[in-house]
**Student:** 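Have a look at the structure that comes next, please.
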Amino acid sequence: MSGFLKTTVARKYAMGLSGLFLVLYLALHVTVNFISTISPDIYNKLSEFMGYNFIVQALLQPILVIGVVFHFVMAFVLETNNRKARPIKYVKYNQQSNTTWMSRNMIYTGGVVLLFLALHMYDFFFPEIGHKLGTGYDSAVAHDFYHEVWIAFQDPVRLILYIVAFIFLMLHLLHGFYGSFQSIGWGDKRSAAMRGFAKWYSVIVPVLFIYIALFHYFVKL
Ligand code: HEM
């Protein structure tokens with residue numbers, strides 16, 4: 001671990017920053033995918049742009065991958081250190097009375113999102129890379145992004161797995177988004193407005209993802 005990230009405060013700060021960055025990415029991702037429910041044509045053009053634009057591919061995508069990996073690795077480092085620092089569980093002090101279920105289970109809700117990401121990369125990201133590299137590992141309808149998404153959601157098992165994951169994403173964000181503001185020291189004066197914004201965002205974004213998944217399941221091509 002680098003010198004800067006040796007203290008718990010610095011690690012929490014870095015965790016908060018990477019969390020906010022991922023929250024921003026989710027806003028972009030949900031907007032682009034929501035467009036698929038309005039216009040397949042615009043969605044395909046946007047996806048084509050993101051998939052082949054040099055700046056997006058050479059700069060933004062690597063930053064995103066580093067952000068995701070960093071967030072998860074740091075979560076496990078912080079969790080392991082917390083457990084080492086508190087090997088015996090409190091007996092008298094009842095944690096449940098002043099913390100939420102979401103805040104106590106961030107590592108598990110995050111773990112489910114991580115499992116979802118593995119499935120999600122298998123569904124969309126790896127076939128896309130395979131297509132670009134010409135490895136033969138590709139999707140059945142390469143280059144028709146809309147059709148790719150539609151096919152993925154025709155499988156009811158996948159639909160249910162995705163919806164369950166989006167509910168866990170909601171639980172994770174409900175504590176994590178506002179927690180990120182606090183970790184980087186933004187939680188004091190503007191607290192009520194920011195807490196409200198974080199809460200609404202944490203509900204609306206996963207609900208939109210659920211809507212997109214259901215839309216593709218039910219729409220007929
Ligand atoms: C209905 C919901 C969703 C749909 C339809 C969807 C669709 C897609 C598609 C088509 C790609 C491939 C883009 C490419 O070719 O490069 C992709 C990539 C990705 N998705 Fe999603 N996604 C959904 C939800 C999510 C959620 C909830 C997360 C995060 C928790 C997420 C994280 C990512 C990441 C990290 C990538 C790889 C980076 C990228 O290429 O943009 N997605 N998604």
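Remember, it's 1-based here, ligands and their atoms both numbered in the order they're listed. None of the values given here were measured: they were computed from a predicted structure.
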**Student:** Which residue pairs satisfy the side chain to side chain donor-acceptor pair (under 3.5 Å) criterion with at least one member in residues 205-218, sequence neighbours excluded?
**Tutor:** S36-H216
**Student:** Please state whether V30 comes within less than 4.0 angstrom of ligand 1, counting heavy atoms only.
**Tutor:** no
**Student:** So for M50, does at least one of its heavy atoms come nearer than 4.0 angstrom to any atom of ligand 1?
**Tutor:** no
**Student:** Using a strict cut-off of 4.0 Å, indicate which atoms of ligand 1 neighbour a heavy atom of L64.
**Tutor:** 38 (C)
**Student:** Report the protein N/O/S neighbours of atom 21 (Fe) of ligand 1 that fall below 2.8 Å; do not count waters.
**Tutor:** H29 NE2, H120 NE2
**Student:** With side chains defined as the heavy atoms from C-beta onward, is the minimum distance between K199 and Y178 less than 4.5 Å?
**Tutor:** no
**Student:** For H120 and F124, take the angle between the two ring planes, folded into 0 to 90°, and tell me which bin it lands in: parallel under 30, tilted 30 to 60, perpendicular over 60.
**Tutor:** perpendicular
**Student:** Compute the minimum heavy-atom distance from V205 to ligand 1 and say whether it is under 4.0 Å.
**Tutor:** no
**Student:** With a 4.5 Å cut-off on side-chain heavy atoms, are F116 and F166 touching?
**Tutor:** yes
**Student:** Y43 to ligand 1: N or O pair under 3.5 Å?
**Tutor:** no
**Student:** Go through the steps to decide whether Y162 and D155 satisfy the test side chain to side chain donor-acceptor pair (under 3.5 Å), and finish with yes or no.
**Tutor:** CA-CA 11 Å; Y162 268 61; D155 174 5; over 6 Å; no
**Student:** Which ligand 1 atoms does E128 reach within 4.0 Å, using its non-hydrogen atoms?
**Tutor:** 15 (O)
